[in-house]
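All values below were derived from every heavy atom in this structure, side-chain atoms included, with hydrogens, water molecules and symmetry-related copies excluded. Residue numbers start from 1 in every chain, and the chains themselves are labelled A, B, ... in the order their sequence lines are given, proteins ahead of strands.
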Amino acid sequence: MKKLEASGLTTEEIIQAYRTILLGRRLDERLWQLTRIGKTSFNISGQGHEVGQVAMAMAFQPEKDYFLPYYRDMSACLVWGMTPKDILLGSLGKEDDPSSHGRQMPNHYGSKEHNIVSHSSTVSTQFPLATGVAYGAQLKKADYVTLTATGEGAANQGEVQEAMNFAGVKKLPMVFVIENNGYAISVGVDEQYANEKMSDRGPAYGFPGIQVNGNDFAETYLAFKKAADNARSGKGPTLIELMVTRLTSHSADDDHSIYRTKEDLAGLREKDGLTLFEKQLIEEGYLSQEELKAIDSDLRKEIDQATEAAERMPDPTADSILDQVYAD
Amino acid sequence: MKKLEASGLTTEEIIQAYRTILLGRRLDERLWQLTRIGKTSFNISGQGHEVGQVAMAMAFQPEKDYFLPYYRDMSACLVWGMTPKDILLGSLGKEDDPSSHGRQMPNHYGSKEHNIVSHSSTVSTQFPLATGVAYGAQLKKADYVTLTATGEGAANQGEVQEAMNFAGVKKLPMVFVIENNGYAISVGVDEQYANEKMSDRGPAYGFPGIQVNGNDFAETYLAFKKAADNARSGKGPTLIELMVTRLTSHSADDDHSIYRTKEDLAGLREKDGLTLFEKQLIEEGYLSQEELKAIDSDLRKEIDQATEAAERMPDPTADSILDQVYAD
Amino acid sequence: MTMAMMTYLEAIKKGIEEEMARDERVVIFGEDVGGVKGGVFGVTKGLAEKFGEERCFNTPLTEGQIGGLAVGLGLVGYRPIGEFQFADYILPAVNQLISEASRMRYRTKGDWTAPVVYRAPYGGGVRGGLYHSQSTEKVLFGQPGLRIVTPSSPHDAKGLIKAAIRCDDPVLFYEHKRLYRLLKEDVPEEDYTVPLDKANVVREGEDLTVIAYGMVLNHALKAAETLSEEGIEAEIVDVRSLYPLDKETLVKAAKKTGKVLLVTEDNLEGSIMSEISAVIAEEALFDLDAPIRRLAGPDSPSMPYAIALERAFLVDEDKVRTAMRELAEF
Amino acid sequence: MTMAMMTYLEAIKKGIEEEMARDERVVIFGEDVGGVKGGVFGVTKGLAEKFGEERCFNTPLTEGQIGGLAVGLGLVGYRPIGEFQFADYILPAVNQLISEASRMRYRTKGDWTAPVVYRAPYGGGVRGGLYHSQSTEKVLFGQPGLRIVTPSSPHDAKGLIKAAIRCDDPVLFYEHKRLYRLLKEDVPEEDYTVPLDKANVVREGEDLTVIAYGMVLNHALKAAETLSEEGIEAEIVDVRSLYPLDKETLVKAAKKTGKVLLVTEDNLEGSIMSEISAVIAEEALFDLDAPIRRLAGPDSPSMPYAIALERAFLVDEDKVRTAMRELAEF
Ligand SMILES: Cc1ncc(C[n+]2csc(CCOP(=O)(O)OP(=O)(O)O)c2C)c(N)n1
Ligand SMILES: Cc1ncc(C[n+]2csc(CCOP(=O)(O)OP(=O)(O)O)c2C)c(N)n1
Ligand SMILES: [Mg+2]
Ligand SMILES: [Mg+2]
């Protein structure tokens, strides 16, 4: 059975998925560059999460569904409608940054225009918020679905349980995702939780919990499709544990070579969903090696242009510091 | 099969259990009296929880095990070593009240002497504390076990999840209890959680979760015995959901006839573990009707004496208001 | 204007009810808030029946969730009111209130907002012991983006809750649980609001200025009547807007008499009165004829249960009167 | 006395290490605290290896649990140190800190106690944006039973953390993250402690009194040097004990010069400086020659990320110097 075809998506959609996955990778590489040369002060990266995130996000209807992401969700936000320039404006702390207008650190993705709700740095506070957004759908009799994400470490926060518990009680139209990359900064899963799978927590709140391999595009897409469909049709929430890989250090302030074993680090490339996805594209005849390359060089150009455009944009000015503390 | 005998306890122990169960009931009745006549301002009652609590507490070794109770746990505290006078001193807000020296509201049971840790009114804050007490056993290489309790509504608090998660990770020698009486003040379980059983949450944190019928003395005792043994022998924590009945209104400030159905209220007596226990005692030949009566009148006398003794004790004086804010 | 006699509690209930009738985006929830109980104090009694279980509902016993649920509903256009059963139980929700509600507007420069109301009964003198008596407003005070208000009369209770519900900012609305049934007065049946950002001079006087809110404000008002017979006339200001403060009114009232007594039933240190003192010391120093005096509870961790201890903690009418007299005679 | 050059960070680490060596009841934990990482700032690096994984360990990412775990360990005789990775992330643990840690002793009249230390890096100027820059001490300030301290020099850092660990009260220990590597000085290698309840006059002067702590205290010290060349001599007091305050020292220093400048990098309103102002206004009013002046961040919800905004928020050396000069010339 062909792996990508199993998703049921069209060739066009699969190629579009690939473009977004690669865009996420190349854009993040650009953010690291900007950090290294001091044009931004920080980056936290979704490398190794891209395939899972794109497959996840494609299962939703971004023009009406809400997304409450966490800091690694750049690729999912691209599917939801944010542009590379939007992301860059945030990293550069520019006035037109749709996430925060330069007020939050980089990677705090949000966009009113695209139904992507702003998140804080305090992990997992978006979970209770997401239940409010989802309860709004019930009140409005609207058929939008709400998706919210966090990491496997942050998923242990009490607020996450409280939110999932409420979602179970109200059968809210929503999907919870735990992106499990095995680490919370330096803390491995053995020190983070003792249950076998984080997805086990869904049933503990009265709804399904499913673990999926985030490097398996079709498996991920189908699991989220089903979860989104269930939510939309009134069958209530689902928790999905998305198994992914953290290819980089936790953030620009971290060096994972200190606490990850040599074997772990050496094995990372093999666990890179992007490479696997490219192999599948070629094997299943979607794209040739040449075409992959062409897409890559297209995207690099797009990112260069976006970077230039973003850099030219104005910074927030000191006199705006008290704007929008309160209404009026 | 005889129900009580199945516990494996001696005749003496079973009769002792009965005395404590009945003492809990009669003492609580006294607290209600004191409230009605204005000698204390408040009561919150464990009526309907007594059989389960006594069976639970008897599975521990109060001379070394720690207990972090919640406000309905009077009967369990009696097993742990508190006396009726201790309880009364608390309800009357007396200086010698071992729970709080008159500083907390009634029913906030605690006793340094008996390893019963003070609890706040803020529900479930004792759960994280209990993990600290239990981690202390690991550090000391001591073989005490830590028991902590809350209600099925309060068990949804985020701090409960965080504590259970930690206990799973460290395989702490402890037992968590959720006393499920079907109501959190007026809120029924359907509005409180959507999982079938609260005990399902144990496995979600990597350890066993067991639901037991708190009116079944032997079942309860054996489940806690096993949980305590497992904890003591290094096999880690257990969550036990103790199914009990709330025979009274939530507290002296509540009137449950407003929100409980007529059938629910009418059926309460049938769900009273005390009556069932007495029937079993007679059926299985532990005690005669006469003997039951004799015990009852003994206990009533004991409570009368304790009440008189407690009432004679001094109140805290205004000038002590700033004592023990800080050390020194 | 048609008037109706109402308690402080009824006035709050009426305000909520009117807003729910006028704007279907208003929803209310919390522990025991829905169903037939309608709150442990009965503020929401009848609302579920009137507006349906979708708009007035029970939540599980989880305050962090109450805090965040409100923000989420606010994001998608609702006017949620989350009730904390006691002000003491805001504490598990502090993260949501500070990290989310109070910063949503600022961190998106207004793209997303949290037009939510949190209600919480606070205050002591009800034999509530350490955890049913607290004044927790100091914990949330000074978080720009969040408003904190509290009414001290039935009239203000109705107008202020209505203003809070209509406000585009998150508002933490404190209700003094001793005042619920203690105060009763004529309240307009018409629609009116009380501004969220204005202190209120509730009594005029020349001899000293008392600044307070809640139960102790009512003590000051009573004390002022008896002191008036002694020839002492107190200017009394109800802070009402606990945060941000209405500095203008407060400073003006301080300057007017030159003698300032700040009264709170909370502990002295870190209370709202400390900020008010600082504002006055900054802006009215040379108009003062006496040191600014703060009257407050002792610095014990909240209010003990035993009668003698509770009394020792409480700032009662006598203590207020004595402090007023002393200051007037300074 | 043998001295060794140490940064503020090294001094804290050394203090913890010495206490762990001297008292095996001391245990330390938090997110990334154990293992080889030893904290995101490296304060606990090496402690797990030295004292074992039982005494220095990682917790799951759950601050409420960190707060309560510490109290529980304190109950059974340990001297736990819980680390919050950033002071911003104390917020999920506020309930445990206020409802449990700060009230355990009082609510049992000393039968049970919580001799715990909570460490938290606070403060801005590190491009940390809204949630890695906050001064959250105002949230926990004024909770009797809880102590809050913060060192402003390497010397005090070592002595104060040691005193905190030995203290029978719960102590919230704030560490300014900008000072971690910025300050370096000779610190005694011997065992010493710095009292938890004493402010410290760090510079004597006659013209004005500056009261501050943390980064802005260090700005004031530098500004004082240059102002000295202009003939202005500032008395500078490090608050150090944020709660309870050492009122005696603060009031004395205020009276000495009659001109008081209170500096904090937090927002103005509800800050520790407001309480200090209130205390001085109460106890030193007639010794003042100028209104008490507070210099603080603007009332925006914490510190924005973009450079121009962060700068606009921060109270820097220039702003402190200007305020000092203005007040001296008043
Ligand atoms: C409440 C809170 N505590 C601590 C932090 C610091 N912190 C940021 S990310 C992180 C680890 C998160 O790990 P995980 O949830 O597994 O997500 P990942 O980064 O691996 O995707 C920590 C501890 C924070 N931001 N918020
Ligand atoms: C944090 C907090 N929120 C709310 C309350 C008010 N309250 C006290 S008991 C209670 C209901 C508890 O129900 P449950 O946990 O089922 O225990 P039960 O009383 O039924 O034994 C509530 C809401 C509280 N004490 N603490
Ligand atoms: Mg992770
Ligand atoms: Mg219950």
> Using a cut-off of under 4.5 Å for heavy-atom pairs, which of A:Val117, A:Val169, A:Leu322 has the most such pairs with chain C?
Replying inline: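 Going by pairs under 4.5 Å, I would pick A:Val117.
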Hey, is [atom1] on [X] packed in by over 12 heavy atoms from elsewhere, all under 6.0 Å?
X: A:Gln138; atom1: CD; value: yes
X: C:Lys50; atom1: NZ; value: no
X: A:Glu311; atom1: CD; value: yes

Can you tell me how far [atom2] of [Y] sits from [atom1] of [X], rounded to the nearest 0.5 angstrom?
X: A:Gln161; Y: C:Gln65; atom1: CD; atom2: CD; result: 10.5 Å
X: C:Arg25; Y: A:Leu139; atom1: CZ; atom2: CG; result: 12.5 Å
X: A:Thr125; Y: C:Met104; atom1: OG1; atom2: CE; result: 8.0 Å
X: C:Leu61; Y: A:Glu162; atom1: CG; atom2: CD; result: 9.0 Å

Of the non-hydrogen atoms in [X] and [Y], which two are nearest, and what is the gap between them?
X: C:Glu100; Y: A:Ser120; value: OE2-OG, 3.1 Å
X: A:Tyr326; Y: C:Leu146; value: OH-O, 2.9 Å
X: C:Gly110; Y: A:Gln324; value: CA-OE1, 3.5 Å
X: C:Gly64; Y: A:Pro128; value: O-CB, 4.3 Å
X: C:Leu75; Y: A:Lys112; value: O-NZ, 4.3 Å
X: C:Asp169; Y: A:Ala327; value: OD1-N, 2.8 Å

>> Can you confirm whether the side chains of A:Glu159 and C:Asn95 place a donor and an acceptor under 3.5 Å from each other?
In response: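 There is such a pair between these side chains.
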> For the side chain of A:Arg103 and the backbone of C:Tyr106, is there at least one donor-acceptor N/O pair under 3.5 Å apart?
Replying inline: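 Side chain of A:Arg103 to backbone of C:Tyr106, a donor-acceptor pair under 3.5 Å: yes, one is there.
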>> Tell me whether A:Lys140 contacts the main-chain N or O of C:Val76 through its side chain, where contact means a donor paired with an acceptor under 3.5 Å.
In response: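 Between the backbone of C:Val76 and the side chain of A:Lys140 there is a qualifying donor-acceptor contact (under 3.5 Å).
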Would you mind checking which part of [X] comes under 4.5 Å of any heavy atom in chain C, side chain (CB onward), backbone (N, CA, C, O), both or neither?
X: A:Ser121; result: neither
X: A:Glu95; result: side chain
X: A:Ala130; result: neither
X: A:Ile321; result: both
X: A:Thr146; result: neither
X: A:Phe127; result: neither
X: A:Asn165; result: side chain
X: A:Thr122; result: side chain

Hey, which of [options] has the most heavy atom pairs under 4.5 Å with chain A?
options: C:Asp168, C:Asp111, C:Ile66; value: C:Asp111
options: C:Thr59, C:Thr113, C:Leu73; value: C:Leu73
options: C:Ala93, C:Ala114, C:Pro244, C:Gly74; value: C:Pro244

> For C:Glu24, is it the side chain, the backbone, both, or neither that has a heavy atom closer than 4.5 Å to a heavy atom of chain A?
Replying inline: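 Nothing of C:Glu24, per the 4.5 Å heavy-atom cut-off to chain A.
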>> Using side-chain heavy atoms (C-beta onward) and a distance below 4.5 Å, is A:Pro316 in contact with C:Lys109?
In response: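 No. Closest side-chain heavy atoms not under 4.5 Å.
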> A:Val325 versus C:Arg105: any side-chain heavy-atom pair under 4.5 Å?
Replying inline: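 In short, these two side chains do not touch, never coming nearer than 4.5 Å.
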>> I'd like to know whether the aromatic ring centres of A:Phe166 and C:Phe29 sit less than 6.0 Å apart in this structure.
In response: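 Between C:Phe29 and A:Phe166, which both carry aromatic rings, the centre distance is not below 6.0 Å.
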